[in-house]
Structure formats: structure tokens, C-alpha cells
Number of protein chains: 2
Amino acid sequence: MARPTIEDVARTAQVSKSTVSRVLNDSSEYMREQTRSHVLAVIRDLGYRPSGVARSLTLKRTQTIGLLVSDISNPFYADVILGVESIALAHNFDIFLCNTMYDPQRGSRFADSLIDKQVDGVLVTTTSLSDQFVVELVSNQIPVVALDWTPPPLDEKVGVVISNFETGIAEAANHLVDLGHQRFAHIGGPPHIRTSRRKREAFLGALRAHGIEPANVVVIDGNMSFASGKAALIELLALAKPPTAIFAADDLTAIGVIGEARTRGLQVPRDLSVIGFGDVPFAAQVMPPLTTIALPRHEIGRIMMTMLLDLLHNSVNLPNTITPMQQVETQLFIRESTAPVKKAH
Amino acid sequence: MARPTIEDVARTAQVSKSTVSRVLNDSSEYMREQTRSHVLAVIRDLGYRPSGVARSLTLKRTQTIGLLVSDISNPFYADVILGVESIALAHNFDIFLCNTMYDPQRGSRFADSLIDKQVDGVLVTTTSLSDQFVVELVSNQIPVVALDWTPPPLDEKVGVVISNFETGIAEAANHLVDLGHQRFAHIGGPPHIRTSRRKREAFLGALRAHGIEPANVVVIDGNMSFASGKAALIELLALAKPPTAIFAADDLTAIGVIGEARTRGLQVPRDLSVIGFGDVPFAAQVMPPLTTIALPRHEIGRIMMTMLLDLLHNSVNLPNTITPMQQVETQLFIRESTAPVKKAH
DNA sequence: CTGAAAGCGCTAACAT
DNA sequence: ATGTTAGCGCTTTCAG
């Protein structure tokens, strides 16, 4: 037989739907204990479960958020998701996971879906090509908090958390320079991704502070994967004067570089220093353990969700002329994939 | 101003709601092209988006499924999720990701949530302690397809996909025996997990076929993580006669073992052979590349979702006396973490 | 302290 | 070819 409704409960308990609704939401404490417990009993007997859908329709609230990530198989996101989850669950929110795979097409498709499903808000940890779908979301009254994204001036309910790449990357550059390196390469993320550009600029900028001209550092576009690290290294080794130090925009890429180096007979860090970005759990497990720039992934998730909750709570439009913003720091973890440059012989 | 409703569209287009609804669902092709395009225009002008919630309420269908995984940070699941997604998206289903962290509490909490949200079906890739929440789901008319779970006899709409651990694990055992090993250890997953037990039995069984008594192989319970691999190895090395070959129920564990071995001055595979399970992408990147048992993760995801779709489609109860079941195979990938046993000196 | 009734936004007969 | 109407299951004034 079909799922019982509130009506069924009301009828068999000989009360009105309102009463049932009241015991469900413990609103109006004023109720005969007898009534309450009787209704409760009936609910249990019938195995009644309120319909979230109906509830959402009347309440105009779904207790659900959307979470956009670029690539769920990148361990970076796993922790962010965990962070989001930790605070979402505590507030009884469920999560629609949307995995864009760096594809704007998929991004809009998900945005559409989230709008249709009427999520209460969305978290965007991926900013591909266009801001289009973020705009689409907010213009449909859906609060958004985005990671590493500077919102256009005309905002509705949006918040942002910004990672301070610059300091961590500067530490990395300094470290490499201190080690005596002079020939550098950078393997970036997909170039249309905002953060790829920011990381590159940060690295080139830090190097220039040491007198190394951007024109002299080789930059290759990768795509945040083992494969792209391998491919990039092959390309770099073909150069007349290959770099002695590589900064990859992503740990996966860095690990790919290390692996490829080994298969080509190069030893990291003796022959080549490499620094990653992200400090994913594996970074410490590979051989040699990866020197990398850490981001507080879990915290990022928590902050984002918390910020969203704030946005949701202040639904009584406070003057949102200023968009909430929070910054998280990055930090270099020196392990064993970097070493002094080999003496030229 | 608030989100426009179908009513608004109808009014400003001077037609009835039904008409609008019709153009939305291109049902009834019989409609004056003029009407259709006019309505479409109004829809565009108003920026109207149908409410998925209202739609779900009347249709009793949410176009949403739940996906239960044990640990989203385990790369094993990333691919399964991708597989599920690939076919879910094509059929316009969205996914509620539920990350149980091997915690039955969280499991039931999610089950409740999924029931309330009225998902159309759920995929369970995690079977912790009790089958309780699977039962809860199906008894609420929600179709379930589960991974590596033998359903109780009295089923509603459930499907299962079973991984044939046995063959892959037997290959692994044979491989180790061929290499001359005689002292074995197994580091399992959480013991209350069904699959942990199955893997252990498979390993012990395969070994016994070679005359090695189960009593002689050390079994340690782990929890599918680097840390548990490290801890287990420490324990094993404290033994009077430490094993020379270890089969870990999970790649993360195996990688943890290798890492710990290195920090304790042991060389893998010279001093110790280790085999993992899962063949996660990292397995091939660590040093030495991990010999491991592969599962068709992506395919598992696809099969599960496909099966669910079938269940959903045959909502006109076919005699579901037999529950759909499909088996996937496992296979040993020999890489470099296994080698002939060292000669005793 | 509890009930009646309206309404949330949409679809699906059933008219016309 | 299009309009009318009756729900879908719940919450929430407003009465009593």
C-alpha cells in the first residue's frame, strides 16, 4: 500500500491534520500531552514519514544545497566536501554533488538542475570559463558562496572565500632560489581557470623579485592530472636547457612529473626539484615525499558552508552592499622532492 | 520579485495553465504552432523556470537518486561515482551523495533523509554493520541496488552487483606462493564490513589450497587507510617471525605499509612483498608501483545505475521474485611491489 | 488546545 | 487545440 499521508494519520488518530502537523514540528507546546502521545503512537503504527517534497512546496525551502566541484577524483576536493558536509549535516542540509569535470557545459546543466530543484543555496568550488552559471544562480535568488572568485560588482546574496596563494607560492619560489636553482618551469592548470592564472602570476612574480625574468621561466599548461605532469616533463626535457626546478599547480601533476622523471632515469630531487600544490594526502606517501603548498581544505569547506548558512539566515535582506569574504592561507611544506641544484660540471 | 509561476505565465500569455504545461512537456503535439511559440516567448520574457518541487509533488517522482559511499576520500569511490554519474546524467537524474564514513549511525541518518526527500532510488556501495537501512529504504518502496550485498530473501525492488573477489584474490595468493613466500599476513578492512570478511576468507581459502593453514597466517584488522597500513606493519614487525608477504584489503592500506616499511629500513619488494586491492590511480604512481587487484570501478557504477533505472522503469511490478544480479570480475595486476622471497641466511 | 480552510506550483483527466 | 478542475501532502492563519 502507498505511503501514508498526514491525512491518514489524522483520520486514524481522530484529530485534524493541523494537530498532526503540530506534533511533527513541536510547534505550539500547548497541547495535551495525551493528544501528542496518541498521535505519535499512530504515526509509529502507520510508519508514517512526512513528505519532504510537500513540505518544501509549502515552506519554499528544501534543506538542500548544491556543491559544485571540478573533479571529484582529485583528492583535493574530497576534503573540501568533507568539510562542507561536517557543517551541513549538523544543520540538516543534504548535498547535491555536481561534478563539472572542468566542463562549462556540465556546469550550466548543473546550475539549471539546481535551480529547478530549488536548492536553498550553492557552493561553487570550481570557476570555469564563464561566471555565467553563478550569475544564473544568483539571478534566480539562490545564494552562492564561491571559492577563489571575485564576484561582479552588482551582487545579490553571494559570499566568497579566497585562498591566499601568493604567500605560499612565494615561500616556494624563495625555497627554490635558496637552493640555488636558476632554471625554472611552471606546469599550470587549465589556462581558462582563474586560479591557474593566479598561481602562475604568483610564481612568476615571486621569481621576478629575485631577479628572474618571467620570460626566462618556461610555462606549460597542464590539466591537474598525473598524465599532464608526465607529458609536461617530456616536453621540458626536450628543451636545450631543461629546468632544474619545477613548480606544478597541482599535486597530481607534480607526482606525475616525479614518476615520469624516474622512468626517464632522472632522480628527484638530485637531478630535479619539484614542488606541488594542494598537499593531498598522497603527497606525503609518494617517493620522494612531495614538497608542496598546503591549503586548509577541510576548513575551506567548513567556512564556505558556514558562510552560506549566514546568507540563508539573513534572508531578511540586510544591506548586502558588501559581500562577505574570508581569506584562507597557504603554506609551504618542505619534504624531500626539493634539493640544492646540482653543480654544473 | 518572486520567481514567476506557471500561473503567471498563463495569465500574461492569455492561455490556461494546461496549455503552458503542455508546451513545457511537449505533450500533445497538437497545438497551434503560434500558441506554442507565443507561450515560449512569454516564458523567456518572464524568465520562468518550472518548480521541480511542485512537479515532484504531483508526479511522485523526483528525478533524484541517493548514492551511499563509505568514504569519499577513498579514490576507489571516485570512479564509482563517476560511473554512476555518467549514466545518471544522461537520464536526467541528480545525485544525493551520502558519505557514511563507515558509520552505521550516519547510514541511517542518510537513509531517513533520502526517504524524506523521496528519492526515486538509491545506490548502496557501502554495507556496514546492519542491513537495517537498506531494509528501511525498500520497505519505504524505494528501489535499491547494492554492491556486494546479498539481500534477504523477502525482497521488494532490489538489485545487486557482486564483485568476484575470489578469483583475483586467488591469483594474488598464487602469485605470492609462486614467488616462494611462506609466511603471510593479511591486513583486512573493518571487520564488521561484509566485504572485509569475504576478502579475508578468499585469501585464507586460496592459501589453504596451497597447504598453508589459516592458523598460520596473521590477520590484522585495518580500516582502509594509510594509517592503518602503517600501524599494522609495526605490529607485524614485532612478531617473532614477521611475514614476508602481505595482502592488504585496500590500496591505501598497502601504500601505508610500503611507506612504513621504508621508514623502518625495509625495502619493498626485496624484504617484503605487498599486494593491495582496488587498483586506485595512485597505485601505479607510488614507488614501487603497487601490485594490486583491480576492480572495474567505473563499470560498477554504470552497472549499478543501469540496474536501478531498470527497476524504476519496470515499476509495473513484474514478478520480482528473482532479484536482478550481476557479477563483476577482479584481476591481479602485477607491478613491482612483489618479488621472490629472500633466501634465509 | 484543536479544527477548517486556503494555498504552495504543477499535471492530468475530463470537458469543450 | 485548449480550458476547467481536482488533486499531490503539507503548513499556517484564523476561528472557535
Side-chain angles (χ1 to χ4, degrees), chain A residues 1-40 42-43 46-64 115-120 140-141 315, chain B residues 1-40 42-43 46-64 115-120 140-141 315:
Chain A
M1 83 267 97
R3 185 167 167 152
T5 77
I6 197 175
E7 174 100 42
D8 298 325
V9 176
R11 189 166 353 91
T12 103
Q14 314 258 47
V15 297
S16 72
K17 293 191 294 175
S18 332
T19 301
V20 179
S21 175
R22 286 191 186 101
V23 350
L24 249 32
N25 304 282
D26 359 86
S27 52
S28 135
E29 300 83 48
Y30 306 90
M31 190 181 312
R32 288 201 340 244
E33 191 44 42
Q34 186 187 351
T35 313
R36 178 196 307 285
S37 55
H38 176 220
V39 171
L40 248 19
V42 172
I43 287 180
L46 261 42
Y48 165 75
R49 323 263 327 223
S51 156
V53 176
R55 193 157 215 275
S56 293
L57 183 59
T58 61
L59 259 28
K60 293 158 168 317
R61 179 159 45 75
T62 52
Q63 289 297 111
T64 301
I115 293 172
D116 291 352
K117 291 279 207 297
Q118 276 157 277
V119 297
D120 296 334
N140 275 275
Q141 351 263 11
S315 54
Chain B
M1 91 263 101
R3 183 168 169 152
T5 76
I6 198 175
E7 174 101 41
D8 297 326
V9 176
R11 189 167 350 94
T12 103
Q14 314 258 47
V15 298
S16 72
K17 293 190 296 176
S18 334
T19 301
V20 179
S21 175
R22 285 190 188 102
V23 349
L24 250 32
N25 305 282
D26 4 81
S27 51
S28 136
E29 300 83 48
Y30 306 89
M31 189 181 314
R32 289 202 338 246
E33 191 44 42
Q34 185 188 353
T35 313
R36 180 196 306 284
S37 55
H38 175 223
V39 171
L40 248 19
V42 172
I43 287 180
L46 261 42
Y48 165 75
R49 322 262 331 222
S51 155
V53 176
R55 191 158 215 276
S56 293
L57 184 58
T58 61
L59 257 29
K60 293 158 168 318
R61 180 159 46 74
T62 52
Q63 288 298 112
T64 300
I115 293 172
D116 290 353
K117 292 279 206 296
Q118 277 157 279
V119 296
D120 296 335
N140 276 274
Q141 351 264 12
S315 56

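Lettering of chains follows the sequences in order, A, B, ..., and the numbering in each one begins at 1. All values reported here derive from a predicted model rather than from experimental measurement.
Taking the side-chain hydrogen bond (donor to acceptor under 3.5 Å, both in side chains) definition, one finds that A:D8 meets it with A:R11, sequence neighbours left out. Not a single side-chain contact (heavy atoms from CB on, under 4.5 Å) links B:T58 to another residue, sequence neighbours left out. Evaluation of the side-chain contact (heavy atoms from CB on, under 4.5 Å) rule for B:L59 yields B:R55, B:R61 as partners, not counting sequence neighbours. A:T62 pairs by the side-chain contact (heavy atoms from CB on, under 4.5 Å) definition with A:S56, A:T64, A:Q118, A:D120, B:V53, not counting sequence neighbours.
Residues B:V42 and B:Q14 have side chains not in contact (no heavy-atom distance under 4.5 Å, counting atoms from C-beta outward).
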B:R22/B:T19 under side-chain contact (heavy atoms from CB on, under 4.5 Å): CA gap, chis, key distance, verdict: CA-CA 5 Å; B:R22 285 190 188 102; B:T19 301; 4.1 Å; yes
Q. Going through the distances and angles, do B:S21 and B:I6 end up as a side-chain contact (heavy atoms from CB on, under 4.5 Å)?
A. CA-CA 8 Å; B:S21 175; B:I6 198 175; 4.0 Å; yes
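Nucleic acid contact for B:V15: sugar-phosphate only, since backbone atoms but no base atoms lie under 4.0 Å from a heavy atom of the residue.
Shortest non-hydrogen contact noted between B:Y48 and B:T5 is CE1-C, 3.4 Å.
Distances shorter than 4.0 Å separate none of the side-chain N or O atoms of A:S16 from OP1 or OP2 on C:dT2. When the side-chain nitrogen and oxygen atoms of B:T19 are compared with OP1 and OP2 of D:dG3, one or more of them lie within a distance under 4.0 Å. Side-chain nitrogen and oxygen atoms of A:T35 include at least one within less than 4.0 Å of the OP1 or OP2 phosphate oxygen of C:dT2.
Stems are defined here as 3 or more consecutive Watson-Crick or G-U wobble pairs with pairing distances under 3.5 Å; those involving DNA chain C are C:1-16 with D:1-16.
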Hey, what are the protein-to-nucleotides 7-11 of chain C N/O distances that come in under 3.5 Å?
| from | atom 1 | to | atom 2 | distance (Å) |
| --- | --- | --- | --- | --- |
| C:dC8 | O3' | A:K60 | NZ | 3.2 |
| C:dG9 | OP1 | A:K60 | NZ | 2.9 |
| C:dC10 | OP1 | B:Y48 | OH | 2.5 |
| C:dC10 | OP1 | B:S51 | N | 2.9 |
| C:dC10 | OP2 | B:I6 | N | 2.2 |
| C:dC10 | N4 | B:K17 | NZ | 2.8 |
| C:dT11 | OP1 | B:R55 | NE | 2.7 |
| C:dT11 | OP1 | B:R55 | NH2 | 3.3 |
| C:dT11 | OP2 | B:S21 | OG | 2.9 |
| C:dT11 | O4' | B:T58 | OG1 | 3.4 |

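For the pair A:H38 NE2 and C:dT2 P, the computed distance is 12 Å after rounding to whole Å.
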